[in-house]
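These notes are about the structure you will find just below.
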Amino acid sequence: MTVSDTIAAISTPPGEGAIALVRISGDNAIQIADRIFRGKEQPSKFESRVQHFLEIFSAENQLIDQVVLSVHRTPASYTGEDLVEISCHGGTLVSAKILDACLHAGARAARPGEFTERAFLNGKMDLTQAEAVIDLIRAQTDLALRSATEQLEGRLGEQIRRIRDELIALLAQINASIDFPEEGIEPDEDEALHTRLDSVRDQISALLATADQGRVLREGVRAVIYGATNAGKSSLLNRLLGYDRVIVSDTHGTTRDTIEETVNLEGVPIRLLDTAGLRASEGELERAGIARTQKSLQFADLRLHIADRNAPKPAHFNSRKFSEFNGTTSDPNEIVILNKSDLPENNDWKAFPALRISCVTGDGMPQLKQEILARIRQQNLRPESAIAINTRHRDCLRRALESCDRARTALGDGLSGEYVAVDLDQALRAVGEVIGVVDVEQILDSVFSQFCIGK
Ligand SMILES: Nc1nc2c(ncn2[C@@H]2O[C@H](COP(=O)(O)OP(=O)(O)OP(=O)(O)O)[C@@H](O)[C@H]2O)c(=O)[nH]1
Ligand SMILES: [Mg+2]
């Protein structure tokens, strides 16, 4: 990959706004800025990081906009290269024209995430920090934000480097025993190797254990609201969201498709899914909706099973599972809710253990929220630690753990050092992939393609 060609992009989202930002990065960034600004003021003469007020003209000599420009010289810039930032007025056309002028003057349109990719390639950050940039952009709750900022500061990278260092030291020790076979591995040294390897293994396992929390922080807990038609599923979604997102009506079968919205419960993002009500239906459309409900239940972290306490108990409550239901912990992933507590209770529900709420009056909602959080905590999904790995990290660390286990077995079986070294080397590589220190080419694309253009 050549890092020297000069890229440009609009870094702010499309649409109207007070300000838009156009960035240029690469060897010719400052030269290109000189070309698009006329007059005596040349960006190449500007001091680094000082903002200048300028007018920018199109190739046809038409005034495009009045802008604020700053030059950031290598290596003290986000990308580590020469970087020019142009803040213009936030119309779509203005920023597009400025970008056009940059491209006309010799820059190339940047790919998604290419600015951050360059920052990584130029050693400004490790791969976990680059990924934290996306997490930061996408964070929806304070907890997710905190986790992303800590990763951006390099906390995860630091832990990974520590593990790598220990693996390197272990490898050195094993290699020494291979190079000087006559000395072999002394029994007490052997013992020490075991202990060190176990410690590395424990550290990798501890990081792997944060994967679920990482998924929750990045994607949210998946909570599916389901139950018979007219139970108040859509009303519950609206109530938890705090506004009328979904159509509610007393017609059975109002909701036909699954509808997803995210709420923030004490810092934990909850992806709530409203579903088509369960009933025997003749309609093809509704049957398709019910099939979707069933599918979404398979991927739920938590199921909110809601029923209308004013109506007779639906048949599915009499299934074996529910006759065994004692209202406490029979299924940790399911909360049974009786809605419409403002209306009289049908005799079918007499002494039925469930949380009673009213989506109309709000009665029982605080208890429901606490119950949701308690279930999440039970499943260890509540993010407590700021470090939380993503799916890519998990894949690398799982491989590293397997290699460590193989090394451990080889060591235990008294195999020669070469075997142990091969496994440790594989573990080292897998751990290195997390921060991007080995064979990075193939993983870069998958990481940076998730970014927006201009970042
Ligand atoms: N009295 C009372 N009515 C409620 C309550 N919650 C919902 N309703 C009413 O019950 C009816 C059905 O509510 P929805 O939220 O549309 O029910 P749903 O489960 O989404 O129904 P489908 O989409 O048809 O499966 C509506 O007329 C709501 O106004 C409640 O707590 N008390
Ligand atoms: Mg509905």
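All residue numbers in this chain count up from 1 along the given sequence. Whatever order the structure lists them in is the order used to number ligands and atoms, beginning at 1.
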So is Thr251 touching ligand 1 or not, going by heavy atoms under 4.0 Å?
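Yes, that is the case, since the closest heavy atom of the residue is under 4.0 Å from the ligand.
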
Using a strict 4.0 Å cut-off to heavy atoms of [X], name the atoms of ligand 1 that fall inside it.
X      : answer
Val248 : 13 (O), 14 (P), 15 (O), 16 (O), 26 (C), 28 (C), 29 (O)
Gly253 : 24 (O)
Thr254 : 22 (P), 23 (O), 24 (O)
Asp342 : 1 (N), 2 (C), 30 (C), 31 (O), 32 (N)
Gly277 : 25 (O)
Leu343 : 1 (N)
Lys233 : 15 (O), 17 (O), 18 (P), 19 (O), 20 (O), 21 (O), 22 (P), 25 (O)

Closest to atom 27 (O) of ligand 1 among Ile259, Thr229, Asp250 (heavy-atom distance):
Asp250

To check your reading of the model: name the closest protein heavy atom to [atom], its residue, and the distance in Å.
atom                    : value
atom 7 (C) of ligand 1  : Ser235 OG, 3.2 Å
atom 21 (O) of ligand 1 : Asn230 N, 3.0 Å
atom 6 (N) of ligand 1  : Asn339 ND2, 3.0 Å
atom 3 (N) of ligand 1  : Val360 CG2, 3.6 Å
atom 17 (O) of ligand 1 : Gly232 N, 3.2 Å
atom 10 (O) of ligand 1 : Lys340 NZ, 3.0 Å
atom 31 (O) of ligand 1 : Cys359 N, 2.8 Å

To check your reading of the site, what angle at the Mg ion (ligand 2) do OG of Ser234 and OG1 of Thr255 form, to 10°?
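Value returned, to the nearest 10°, is 90°.
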
Is Ser95 reaching over with its side chain to a backbone N or O of Gly91, donor-acceptor style, under 3.5 angstrom?
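Such a contact is found between Ser95 side chain and Gly91 backbone.
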
Would you say the side-chain atoms of Arg271 pair up with the backbone N or O of Pro269, donor to acceptor, closer than 3.5 Å?
no

[X]/[Y] ion pair, N-O < 4.0 Å:
X      : Y      : result
Lys340 : Asp363 : no
Arg215 : Asp301 : yes
Asp274 : Lys233 : no
Arg118 : Glu81  : yes
Arg375 : Glu334 : no
Arg161 : Asp165 : no
Glu260 : Arg245 : no
Arg392 : Glu433 : no

Looking only at distance, does [X] have an N or O less than 3.5 Å from an N or O of ligand 1?
X      : value
Thr275 : no
Ala231 : yes
His252 : no

Are Phe120 and Thr79 side-chain neighbours, meaning at least one heavy-atom pair lies under 4.5 Å?
no

For Lys313, is the NZ atom crowded, meaning more than 12 foreign heavy atoms sit under 6.0 Å from it?
yes

Can you tell which part of Ser341 has a heavy atom less than 4.0 Å from ligand 1: side chain, backbone, both or neither?
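Neither; no heavy atom under 4.0 Å.
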
Decide whether a cation-pi geometry holds between Arg222 and Phe299; the criteria are a distance under 6.0 Å from NZ or CZ to the six-membered ring centre and an angle within 45° of the ring axis.
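No; the conditions do not both hold, so Arg222 does not lie above the ring face of Phe299.
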
